[in-house]
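Along the sequence shown, the residues carry numbers beginning at 1. Since the structure is predicted, the reported quantities are computational estimates derived from the model, not experimental observations.
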Amino acid sequence: MPLALLALAVGAFGIGTTEFVMMGLLPNVADDLHISIPTAGHLVSAYALGVVIGAPLLAAVTARMSRRTVLIGLMALFVLGNALSALAPGYDWLLAARFLSGLPHGAFFGVGAVVATNLVAPERKARSVSLMFLGLTVANIAGVPVATLMGQHLGWRATFLGVSAIGLAAIASLYLLIPHDHTHAPAGGLRGELAALRSLPVWLALGTTVAGFGALFSAYSYVTPMLTDSAGFAESSVTLLLALFGVGATVGNLVGGRLADHSLRGTLFGGLTSLAAVLLLFPVLMRGQWSAALAVTLLGMAAFVTGSPLQLMVMEKAAAAPSLASSANQAAFNLANAGGAWIGGLALAAGFGTTSPAVVGAALAALGLAVAAVAYAVDCRRVPAGGRERVVATHVPQEAEALHR
C-alpha cells in the first residue's frame, strides 16, 4: 500500500477527533459559556449540518480542480474552523465555527476515497479506502479520549487548538505524500456531475448507508445509559468502554476492506446481517458487565465492516461523478447519525426500556439489508447475461502506475 494513504489517514484522524470529542466536552462548554447542556448539544447538530451541506456542495464546486489541491484546501478550512472554535468569544460564534468545521468533513472523505482507489491496483481498492477510514476509527480509540482529557484539564479551547495542530500535520502530509494530479472532472462539468446522481442504483446505495448506519447510531447514541443502568458500570468506566467500540470499529474496518476486495456484495450483506444480530442480542448482553463490554466491541466491528463496501458501491454506481457521489455518501452517513439517534430516542421516550434503541437499530439494519437486496436485484436486471459488476474501475490509474515504477 502506498505511503500516500498515511496522509489521508492523518486527516481522517483529525476529523474523527473533532467530530466525536464534543460529546465529552458538552458539560465543560456549557459551564464556561453559561448555557444549558441541551443548548450546548446544538453544537453537535451544527457540525453534522455542516457535513450534510458541505459534502456534496464542496465536492461539486471543486470538481475541475486537482484533487491534491482540493484535499489540502479542505484541510485548511478544517484548521480554520477549529481555530475559530478555540477563539470563539461566545455561544453563537462557537455554533458558527462548529458549522464551518463540519463543511470540509464529507468532501474530504469523498475526494479522499477517490484518491485512495486511484493509488492502488483494482484488487486493492476496498483495502485502500479502509486504510483511509482507519484514521477515523483510531480517533475513537486514542484521539477522542486524549482530547477529552485535555479539555477537562486544560479547558475545552485547548482541545480545539490541539485538533488544529493535527490538521496542520495533515496538510504537511498531504503536500509531501499525495502525488500531483490533474483534474478528472467529466466533460459535462457540474451539470454532468449532478446528472450522474439521478440513477436509481445510486439512491439505493445511499439509502443502504442511511439505514445501515442509522442502525448503528440508534443504539450507540444511547450506549452510555445502557452501560450504566443495565450493565451496572460506573460512569467513570464509560470512556474506556467506548474505546472498546473504537477497537471493534478498527478491526471491522480493516476486515471489511480486505473482504470487500474479494466480494463486495457478500461483505455488505454479511455485515448488515451481523449488525442486526448483534443489536438483537443487546438486551441480553447488557445484563452482565463482561457481556456488555463484548457487545460494545461487536457493535463497532459489525457496523464498520460495511464502511468500505458502501463507499465503493456508491462510487461504482456514479462512475461519472465519483467525488460527488462519494461525498454524498458521507452526507448520508451523517443523516444516519441524526436520524438513528432520533428514532432510538422515540423508543426510549415511549418507555420501552433502556436497551430498546438497540432493538430499533436491529430493525433499521434489516431495512438496510432489504434496500441492499433491492439494489442487487436492480443490478442483476441491468448487467447482461454472463457479465459481471465492476468495482469503481478495472484499470490501474496513472497515480498507481507512477507509484509502482
Side-chain angles (χ1 to χ4, degrees), residues 56 110 113-114 117 122-123 125-127 129-130 192-218 252-253 255-280 302-333 335-336 339-340 343 359-394:
V114 177
T117 57
E123 66 273 12
K125 290 182 179 295
R127 266 176 283 184
V129 173
S130 71
E193 289 254 325
L194 294 175
L197 298 183
R198 295 176 185 170
S199 71
L200 178 61
V202 171
W203 286 99
L204 288 173
L206 293 174
T208 305
T209 296
V210 172
F213 277 95
L216 165 64
F217 288 110
S218 177
N253 173 56
V255 171
R258 184 170 290 273
L259 292 177
D261 278 328
H262 296 285
S263 175
L264 190 149
R265 293 280 187 183
T267 304
L268 180 58
F269 288 147
L272 290 171
T273 301
S274 300
L275 180 59
V278 169
L279 289 170
L280 276 178
F304 278 86
V305 161
T306 64
S308 299
L310 283 170
Q311 194 75 27
L312 284 173
M313 190 76 70
V314 173
M315 291 165 61
E316 176 196 52
K317 300 310 172 189
S323 295
L324 181 56
S326 184
S327 299
N329 193 53
Q330 293 300 312
F333 179 88
L335 286 175
I343 294 173
V359 179
V360 173
L364 287 174
L367 176 61
L369 192 59
V371 176
V374 172
Y376 178 66
V378 170
D379 286 339
C380 286
R381 295 182 61 181
R382 291 177 175 233
V383 177
R388 66 182 185 89
E389 290 186 81
R390 295 186 304 166
V391 179
V392 185
T394 56

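Taking all atoms of both residues into account, the shortest heavy-atom contact from A336 to G214 is CB-N, 3.3 Å. A pairwise comparison of heavy atoms in S327 and P56 identifies CB-N, 4.4 Å as the closest pair. Between A113 and V129, the shortest heavy-atom contact is O-CG2, 4.2 Å. The two residues V378 and P201 make their nearest non-hydrogen contact at CG1-CG, 4.3 Å.
If you take CG on L264 and CE on M313, they are separated by 4.0 Å, rounding to the nearest 0.5 Å. With values rounded to the nearest 0.5 angstrom, L310 atom CG is found 10.5 Å from F333 atom CZ. Put simply, CG on L279 and OG on S218 are 7.5 Å apart, with the number rounded to the nearest 0.5 Å.
Considering only heavy atoms from C-beta on, V202 comes within 4.5 Å of L206 through its side chain. Contact of the Q311 side chain with the Q330 side chain is registered, since non-hydrogen atoms from C-beta on lie closer than 4.5 Å.
Remark: side-chain polar atoms of N253 are paired, donor with acceptor, to backbone N or O of S130 under 3.5 angstrom. A donor-acceptor pair under 3.5 Å is formed between the side chain of D261 and the backbone N or O of K125. Formation of a donor-acceptor pair under 3.5 Å by the S263 side chain with backbone atoms of A260 is not found in this model.
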Requested in this report: Could you give me the CA-CA distance, side-chain angles and deciding distance for I343 and F217, then say whether side chain to side chain contact (heavy atoms under 4.5 Å, CB included) is met?
Outcome: CA-CA 9 Å; I343 294 173; F217 288 110; over 6 Å; no

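Partner of V305 under the side-chain contact (heavy atoms from CB on, under 4.5 Å) criterion, out of T267, L275, L272: T267 alone. Between F213 and the options T208, T306, L335, a side-chain contact (heavy atoms from CB on, under 4.5 Å) holds for only T306.
T209 pairs by the side-chain hydrogen bond (donor to acceptor under 3.5 Å, both in side chains) definition with N329, not counting sequence neighbours. Residues forming a side-chain contact (heavy atoms from CB on, under 4.5 Å) with A375 (at least two apart in sequence, or on another chain): L204, R265.
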Distance-only criterion, 3.5 Å: show the donor-acceptor pairs between side-chain atoms of residues 361-374 and protein atoms not counting sequence neighbours.
none

